[in-house]
Amino acid sequence: MHILETVWLGAAAAKVLTQACINKACSAKRVTISNPPVNLWDANVIEEFNTFMHSLNNQNETKVVVFDSDTADFWAAHIDLNLFQPDAIPGRNSSALFETYYENLDLLLTTPVIFIGEVNGRAWGAGDEHLLRMDMRFAGPHAQFGAPEAAVGLIHVGALQQLVRLIGPGRASEYMLAAAQVSGHEAARVGWVNSVHPSAEALRNHVDSVATRISLFPVETLRATKASIAEQAPSKSILDNDRARFNQLAAIPQVQQNVEDIIRLSKNQSRSWELNNNDNIVRYLY
Ligand SMILES: *[C@@H]1O[C@H](CO)[C@@H](O)[C@H](O)[C@H]1NC(C)=O
Ligand SMILES: *[C@@H]1O[C@H](CO)[C@@H](O)[C@H](O)[C@H]1NC(C)=O
Ligand SMILES: *[C@@H]1O[C@H](CO)[C@@H](O)[C@H](O)[C@H]1NC(C)=O
């Protein structure tokens with residue numbers, strides 16, 4: 001098992017992504033997100049994810065990457081709301097960090113590697129944005145999906161377009177506008193994920209077998225297939241439009257107040273709050 005190194009604020013930060021091989025050739029890999037207690041998408045995750053994505057450039061060995069989590073009940077939560085506060089990271093430029101965040105979303109579409117999300121916990125906000133930009137998604141019995149953004153006053157900037165393509169505008173409207181929490185079964189029924197499996201083990205077996213089988217085939221073929229499917233993807237200029245919408249909303253004083261209130265009400269994004277993040281925002285903010 002290789003372990004990625006990262007450094008944040010000059011200090012050795014906790015490693016939040018670990019890698020393991022799925023097959024003998026290691027052409028199929030598993031990357032485990034480990035940022036307990038809730039796998040918050042914080043500065044460390046953004047930076048380390050970026051390092052990992054760049055490690056996949058100019059190489060022919062890795063064909064398939066599966067992203068899973070070893071944090072109970074969470075695949076990946078939303079972005080660390082503290083990053084929206086002024087002076088979020090002393091000595092660091094947080095707008096540069098947001099550029100890295102969006103670069104990561106873009107790299108999931110453009111890196112010639114097949115990305116699979118294996119989800120058996122919550123995928124909220126930023127977690128769901130990354131998940132929806134992967135090539136496919138599979139759920140276990142404890143998976144839940146959702147975008148809290150509408151309840152905060154924002155939009156699910158990095159994944160709205162992908163969700164519309166996957167589940168259609170009517171369903172995307174319902175889930176996005178209502179900041180719904182969606183179970184694995186419902187997600188599989190509507191197409192948010194490819195399929196749902198009855199246990200963590202069944203999920204793992206299915207994902208391993210898909211990843212192992214794909215990785216038998218020529219890398220050029222996998223890349224051409226991904227590129228062909230990407231012909232139907234929303235253009236980058238549409239993401240730019242959504243970023244402009246997001247930034248306009250984020251500048252509204254009421255939205256900034258909502259972010260502050262949620263940090264306070266949630267006791268700084270505590271685990272008990274995050275388990276039902278969207279529903280708690282609706283219940284305690286409104
Ligand atoms: C990967 O394979 C291509 C041929 O398909 C070759 O041109 C390229 O140099 C290889 N890259 C590396 C880093 O080995
Ligand atoms: C912060 O980063 C942004 C985007 O990378 C850049 O445009 C801006 O000049 C930076 N600001 C400072 C004070 O370094
Ligand atoms: C709130 O949580 C964030 C993310 O875990 C952490 O970086 C920050 O130090 C915490 N702030 C306070 C005031 O506890």
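On a predicted model such as this, the values are computed, not experimentally measured, just so you know. Just so you know, ligand 1 is whichever comes first in the structure, and atom 1 is the first atom listed for that ligand. Each residue takes its place number in the sequence, starting with 1.
- The existence of a salt bridge linking E48 and K15 is excluded, since no basic side-chain nitrogen approaches an acidic carboxylate oxygen closer than 4.0 Å.
- For atom 13 (C) of ligand 1, the closest non-hydrogen atom of the protein is N58 O, 3.3 Å.
- No option in H142, H206, H185 other than H206 meets the ring pair (Phe, Tyr, Trp, His ring centres under 6.0 Å) test with H197.
- Looking at E186, Q181, H156 one by one, the single match for side-chain hydrogen bond (donor to acceptor under 3.5 Å, both in side chains) with Y175 turns out to be E186.
- Aromatic pair H130/F67: ring centres not closer than 6.0 Å.
- Annotation: atom 12 (C) of ligand 3 to nearest protein heavy atom, N268 ND2, 3.1 Å.
- Using a 4.0 Å cut-off to heavy atoms of N82, the atoms of ligand 3 that qualify are 1 (C), 2 (O), 3 (C).
- Of the protein's heavy atoms, E220 OE2, 4.4 Å lies nearest to atom 4 (C) of ligand 1.
- Atom CD of E201 is surrounded by 12 or fewer heavy atoms from other residues, nucleotides or ligands within 6.0 Å.
- Ligand 3 has no N or O atom lying under 3.5 Å from any N or O atom of Q269, backbone or side chain.
- The closest approach between any non-hydrogen atom of D42 and ligand 3 is not below 4.0 Å.
- Here the two rings, on F246 and Y102, have centers that are 6.0 Å apart or farther.
- Closest protein heavy atom to atom 7 (O) of ligand 3: D80 OD2, 4.3 Å.
- Nearest protein heavy-atom contact of atom 14 (O) of ligand 1 is N60 ND2, 3.5 Å.
- Checking atom 2 (O) of ligand 3 against the protein gives a heavy-atom contact under 4.0 Å.
- Between R243 and D240 no salt bridge is recorded (no basic side-chain N to carboxylate O distance below 4.0 Å).
- With hydrogens left out, the protein atom closest to atom 5 (O) of ligand 3 is L40 CD2, 4.1 Å, a heavy atom.
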